[in-house]
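The block underneath contains the structure these notes are about, expressed in structure tokens.
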Amino acid sequence: MNLMAELPDAIAHCLRLDGPDARARARELLALQGYNSGELSRRQVGDLLGISFYDTEEFLKVNGAEIPVTVDQVYGDGRVLEDLIRR
């Protein structure tokens with residue numbers, strides 16, 4: 001799918017979309033937003049950017065992208081694992 005958007009020059013400059021790598025930068029911004037909102041998985045981010053699993057992990061780390069995990073989620077996962085081990 002091709003997507004076109006018109007941006008004021010000042011906004012494009014702020015987002016670093018005015019250089020020779022504007023398309024790649026736009027994909028990165030889209031991938032980060034999609035991941036941070038929970039709409040894209042890590043794999044989908046890698047697919048969108050055309051990078052490997054390890055490069056995806058590095059990309060997300062460098063850009064501070066993480067889906068927060070609550071204490072309740074960690075304990076819930078622990079209970080699920082305990083139940084699986086008991087079986």
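- Within the structure, every pair that satisfies the side-chain hydrogen bond (donor to acceptor under 3.5 Å, both in side chains) test and touches residues 49-61, not counting sequence neighbours, is listed here: Arg42-Glu57, Ser52-Asp55.
- Summarising the hydrophobic clusters (Ile, Leu, Val, Met, Phe, Trp, Tyr; side-chain heavy atoms under 4.5 Å, direct or chained), the residues clustered with Met4 are none.
- Residues passing the side chain to side chain donor-acceptor pair (under 3.5 Å) test with Glu82: none are found, sequence neighbours excluded.
- Considering only residues two or more places apart in sequence or on other chains, Asp83 meets the salt bridge (charged side-chain N to carboxylate O under 4.0 Å, His left out) condition with Arg86.
- Distance check, rounded to the nearest 0.5 Å: CG of Asp47 to OG of Ser41 gives 7.5 Å.
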Quiz: residues 14-34 side-chain donor-acceptor pairs under 3.5 angstrom, not counting sequence neighbours:
from  : atom 1 : to    : atom 2 : distance (Å)
Asp18 : OD2    : His13 : ND1    : 2.8
Arg25 : NE     : Leu15 : O      : 3.0

